[in-house]
Amino acid sequence: MFTLTFPDGAVRQVSPGTTPLEVAKEISPSLAKAALAAELNGELVSLVHPIQASAAFRLITWQDEVGKAVFWHSSAHVLAQAVKELWPDALLDDGPPTEAGFYYDIKFPQPIGEEDLPRIEVKMREVLKRKERLVRREMDGGEATAFFTARGERFKLDLIQVIAARGEAITVYEQGAWADLCRGPHLLDTAKIKAVKVLSVAGAYLRGDEKNEQLQRVRAISFPTQEELDQYLFMIEEAKKRDHRKLGKELELFSFHDVGPGFPFWHPNGAVIWDELVRFWRDLHRAAGYQEIRTPMILSESLWHQSGHWEHYRENMYFTRIDDGDFAVKPMNCPGHLTVYGAQPHSYKELPLKLAEMGQVHRHEKSGVLHGLFRVRMFTQDDAHIFCTPQQIEDEIVKVIQLVDRIYSTFGFSYEMELSTRPEEKYIGSLEIWEQAEDALKQALGRVGAAFKLNPGDGAFYGPKIDFHIKDSLGRRWQCATVQLDFSMPERFGLDYTAEDGTRKRPVMIHRAIFGSFERFIGILIEHFAGNLPTWLSPVQAIVLPITEGQMEAARAVQERLLAGGIRAQLETRSEKIGYKIRAAETRKIPWILVVGAREAEQGLVAVRRHGKGDLGAKPVDEVVKELQALSMARSLEAETLA
RNA sequence: GCUCGCGUAGCUCAGUAGGUAGAGCGCAUCCUUGGUAAGGAUGAGGUCACCGGUUCGAAUCCGGUCGUGAGCUCCA
């Protein structure tokens with residue numbers, strides 16, 4: 001008998017060969033129905049996998065991320081089967097689950113288009129109706145090669161070679177007349193897949209390598225119930241409404257033009273948001289002991305040789321000539337900051353020295369990756385470099401993490417941390433230095449008690465880093481804050497400080513940014529708030545609407561009192577009905593709409609209407625000014641505006 | 001960069017048997033002075049992204065360029 005230990009600590013004795021499905025049925029029929037797969041000591045297995053040892057046992061359902069992955073992986077097989085029934089000559093490459101749904105990369109005899117997607121969807125439903133079982137079979141290399149050669153699936157033959165070379169078992173999942181090379185595990189059958197939607201088709205390279213031929217990637221999603229699919233599709237629609245590119249245009253925040261692909265133009269409204277973020281950022285950074293500097297946009301190519309950027313980052317840089325010299329437009333601020341540090345001798349008493357800059361950088365991004373404010377060629381980093389002793393690293397990292405938390409919480413953002421370590425190739429500095437740096441980051445994370453994900457090999461070429469990922473309204477994670485340790489750059493620039501004993505020592509440098517870039521961060525804010533920015537960030541905080549032209553002067557006086565109180569206020573002067581003016585103000589998402597009619601004008605009141613909330617009744621003008629000032633000063637989130 | 005789609009007034013879009021362009025919103029002027037999400041009239045506004053080709057004639061067909069959208073990392 002084997003012992004299974006359940007997540008709640010309970011144990012159960014089972015005989016060899018018992019399957020997870022049998023175990024589930026013994027626990028409860030409803031659990032057996034919900035189960036999609038199981039885990040044995042953390043290893044994902046199918047529900048009919050015979051149990052051959054004692055293990056920690058867990059049933060996987062739709063509620064688990066891995067449960068969704070299994071569900072979507074099996075759905076990808078249904079997609080492939082449907083495609084093969086429609087296009088028997090289509091060649092299949094690879095079809096994994098993703099964070100939201102699944103896809104299959106396919107070479108069609110003739111490229112298909114959007115108009116073919118409904119046919120695929122209909123065929124998928126047809127396949128699902130057959131409720132076919134997914135049957136696992138192990139094969140050796142020769143058998144598998146013969147199997148897929150007979151089926152003309154030449155891409156699969158390459159995969160078989162790769163798997164065989166790794167010495168792994170080759171498994172095939174059969175489903176009716178069709179079969180796919182697949183590690184699994186899978187659902188027992190397709191009966192649980194109740195709703196599918198084929199979402200899109202786009203180009204994708206074979207094996208994801210741009211040197212290879214291009215295939216077509218068909219993306220789709222599936223759910224155990226129609227309701228969940230409907231919910232998902234509704235969410236997609238909502239997300240589209242929040243697209244910062246659309247809202248940026250509608251709210252006149254910024255624009256893009258042919259004359260500057262990837263270079264945003266900030267309009268007055270967007271510039272206000274920017275300025276408020278700058279003020280917020282500056283307040284906190286001054287308080288945290290940072291000193292602001294400014295460094296040049298264009299610097300000699302020799303500097304970039306010295307920093308290593310020429311060697312490692314050249315393809316993303318812009319170059320120019322001045323007189324007879326070669327210069328480069330800065331893609332990062334660090335060499336400038338190193339130059340400032342190196343301009344004077346430093347004592348250990350000055351450390352940690354924190355130099356900050358809202359540094360505008362230019363990077364040549366491939367044309368195809370540009371995406372609104374999220375991916376641009378010119379952006380402004382809220383950059384800072386902390387020069388300190390090796391002993392100060394841990395404390396300083398902890399302080400940076402705390403500052404990040406303070407800033408993100410102001411916007412109501414949740415975030416996740418990732419620690420990235422030394423890349424396999426393309427790195428500078430010795431192995432010992434890298435190890436020391438990675439340890440310091442781990443220590444700091446341990447001290448703040450933060451959970452983090454490890455990304456081996458994902459560090460920058462000059463040091464390991466901690467990245468912070470914000471989750472946006474589309475469920476996408478965006479990297480914003482980053483903290484990067486750098487033992488190499490001070491070395492390259494020969495930086496030093498005088499230690500207590502009078503000797504010269506090398507400082508350590510910490511690169512860090514919190515917004516990441518103002519451009520991307522504002523894009524995220526727009527989507528996060530669906531354009532309904534909190535009062536402190538709103539380009540126009542209040543608009544005064546006279547009911548008729550008879551109240552124009554009274555309304556103007558209200559606007560002047562707001563302006564005198566430091567509130568960004570506008571006055572509506574068009575000769576329209578009040579309903580029209582209200583609608584216009586609501587459409588512009590102005591948080592405070594102040595209506596002045598004859599009654600209010602007489603008593604020094606304004607009728608307050610908050611964006612999205614309707615009429616809140618009349619109040620004295622002074623009271624409204626104070627309320628607006630308080631919200632702005634506190635940089636209040638006004639949580640209710642998130643709804 | 002690559003694949004596919006798209007590019008008509010400030011905005012959102014109509015405009016296929018190729019015959020020199022339309023709507024709504026916005027804007028301007030006038031009328032209306034109306035209490036919480038669209039009052040009415042008149043008018044201005046476009047070298048149909050750009051370059052070239054086919055044609056008697058191109059927004060429309062063809063080629064190229066530029067821009068833009070989706071995708072191109074996430075194990076069979």
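Atom set for the values below is all heavy atoms of this structure, side chains included, hydrogens, waters and symmetry mates excluded. To find a chain, count down the sequence lines: A is the first, B the second, and so on, and within it residues start at 1.
- Comparing the same atom, C1', in B:A37 and in B:A41 gives a spacing of 24 Å after rounding to whole Å.
- Ring orientation note: the planes of A:W72 and A:W62 are nearly perpendicular, at an angle over 60° on the 30°/60° scale.
- Distances from the side chain of A:S367 to the nucleotides B:G1, B:U68, B:A37 place B:G1 closest.
- In this structure, B:U65 and B:A49 make a Watson-Crick or G-U wobble pair, each of the two defining distances being under 3.5 angstrom.
- Put simply, CG on A:L605 is 17 Å from P on B:U36, counting in whole angstrom units.
- Nucleotide B:G24 forms a pair with B:C11, judged by Watson-Crick or G-U wobble geometry with both contacts under 3.5 Å.
- Although no hydrogens or angles enter the test, the distance criterion places no donor-acceptor pair under 3.5 Å between the side chain of A:Q161 and the main chain of A:D158.
- The nearest whole Å value for the distance from the CZ atom in A:R375 to the P atom in B:G1 is 14 Å.
- On the C1' atoms, B:U60 is 11 Å away from B:U8, given to the nearest whole Å.
- Pair check for B:U54 finds none; no Watson-Crick or G-U wobble contact set falls under 3.5 Å.
- A:K249 has its NZ atom 12 Å from the C1' atom of B:C13, to the nearest Å.
- Distance CG (A:L199) to P (B:C4): 22 Å, rounded to an integer number of Å.
- Comparing the P positions of B:A59 and B:U54 gives an interatomic distance of 16 Å, to the nearest angstrom.
- A distance below 6.0 Å separates the ring centres of A:H364 and A:Y318.
- Atom CD of A:Q216 and atom P of B:C2 are 17 Å apart (whole Å).
- A cation-pi contact, defined as under 6.0 Å to the ring centre and within 45° of the axis, links A:R610 to A:W592.
- Taking a pair to require two hydrogen-bonding distances under 3.5 Å in either a Watson-Crick or a G-U wobble arrangement, B:A17 remains unpaired.
- As rounded to whole Å, 14 Å separates atom P of B:U36 from atom CD of A:Q551.
- With rounding to whole Å, A:I590 atom CD1 is found 16 Å from B:A37 atom P.
- Separation of the P atoms belonging to B:U47 and B:A21 is 12 Å when rounded to the nearest angstrom.
- Going from the P atom of B:G24 to that of B:A17 covers 23 Å, rounded to whole Å.
- Minimum heavy-atom separation, A:C480 to A:I524: SG-CD1, 3.5 Å.
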Footprint string (nucleotides 71-76 of chain B, 5' to 3'): B base within contact, S backbone only, - free, heavy atoms under 4.0 Å:
BBSSBB

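- Taking all atoms of both residues into account, the shortest heavy-atom contact from A:I590 to A:H611 is O-CB, 3.2 Å.
- If you take CD1 of A:I582 and P of B:G39, they are 12 Å apart, rounded to a whole angstrom.
- Of all nucleotides present, only B:A41 satisfies the Watson-Crick or G-U wobble test against B:U29, with each distance under 3.5 Å.
- Separation of the C1' atoms belonging to B:G1 and B:G57 is 39 Å when rounded to the nearest angstrom.
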Write out a two-atom table: protein N or O, nucleotide N or O from nucleotides 24-35 of chain B, distance below 3.5 Å.
| unit_1 | atom_1 | unit_2 | atom_2 | d |
| --- | --- | --- | --- | --- |
| B:G26 | OP1 | A:Y580 | OH | 2.5 |
| B:C27 | OP1 | A:R574 | NH1 | 2.7 |
| B:C27 | OP2 | A:R574 | NH1 | 3.4 |
| B:U32 | N3 | A:S575 | OG | 3.3 |
| B:U32 | O4 | A:S575 | OG | 2.6 |
| B:U33 | O2 | A:E549 | N | 2.9 |
| B:U33 | O4 | A:E549 | OE1 | 3.0 |
| B:U33 | O4 | A:E549 | OE2 | 2.9 |
| B:G34 | N7 | A:I547 | O | 2.7 |
| B:G35 | O6 | A:A598 | N | 3.1 |
| B:G35 | O6 | A:R599 | N | 3.1 |
| B:G35 | N1 | A:E600 | OE1 | 2.8 |
| B:G35 | N1 | A:E600 | OE2 | 3.2 |
| B:G35 | N2 | A:E600 | OE1 | 3.4 |
| B:G35 | N2 | A:E600 | OE2 | 2.6 |

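- When the P atom is used for both B:G19 and B:A58, the distance is 11 Å, rounded to whole Å.
- Across the interface with RNA chain B, nearest-nucleotide mapping of A:I593 and A:P111 shows A:P111 to be the residue nearer the 5′ end.
- A donor and an acceptor atom, one from each side chain of A:H244 and A:E527, are located under 3.5 Å apart.
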Output, in order, the C-alpha distance, side-chain angles, deciding distance and verdict of side chain to side chain contact (heavy atoms under 4.5 Å, CB included) for A:E153 and A:F147.
CA-CA 9 Å; A:E153 296 282 7; A:F147 186 85; over 6 Å; no

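- Looking at A:R568, its side chain does come within 3.5 Å of a backbone N or O of A:S538 through a donor-acceptor pair.
- For A:K156 (side chain) and A:D93 (main-chain N/O), a donor-acceptor pair under 3.5 Å exists by modelled atom type.
- A ring-ring contact (aromatic ring centres under 6.0 Å, His included) with A:F223 is found for exactly one of A:F71, A:Y232, A:F102, namely A:Y232.
- In this structure, B:C72 forms a base pair with B:G1, meeting either the Watson-Crick or the G-U wobble geometry with both donor-acceptor distances under 3.5 Å.
- Using P as the reference atom, B:G5 and B:G64 are 12 Å apart when rounded to the nearest Å.
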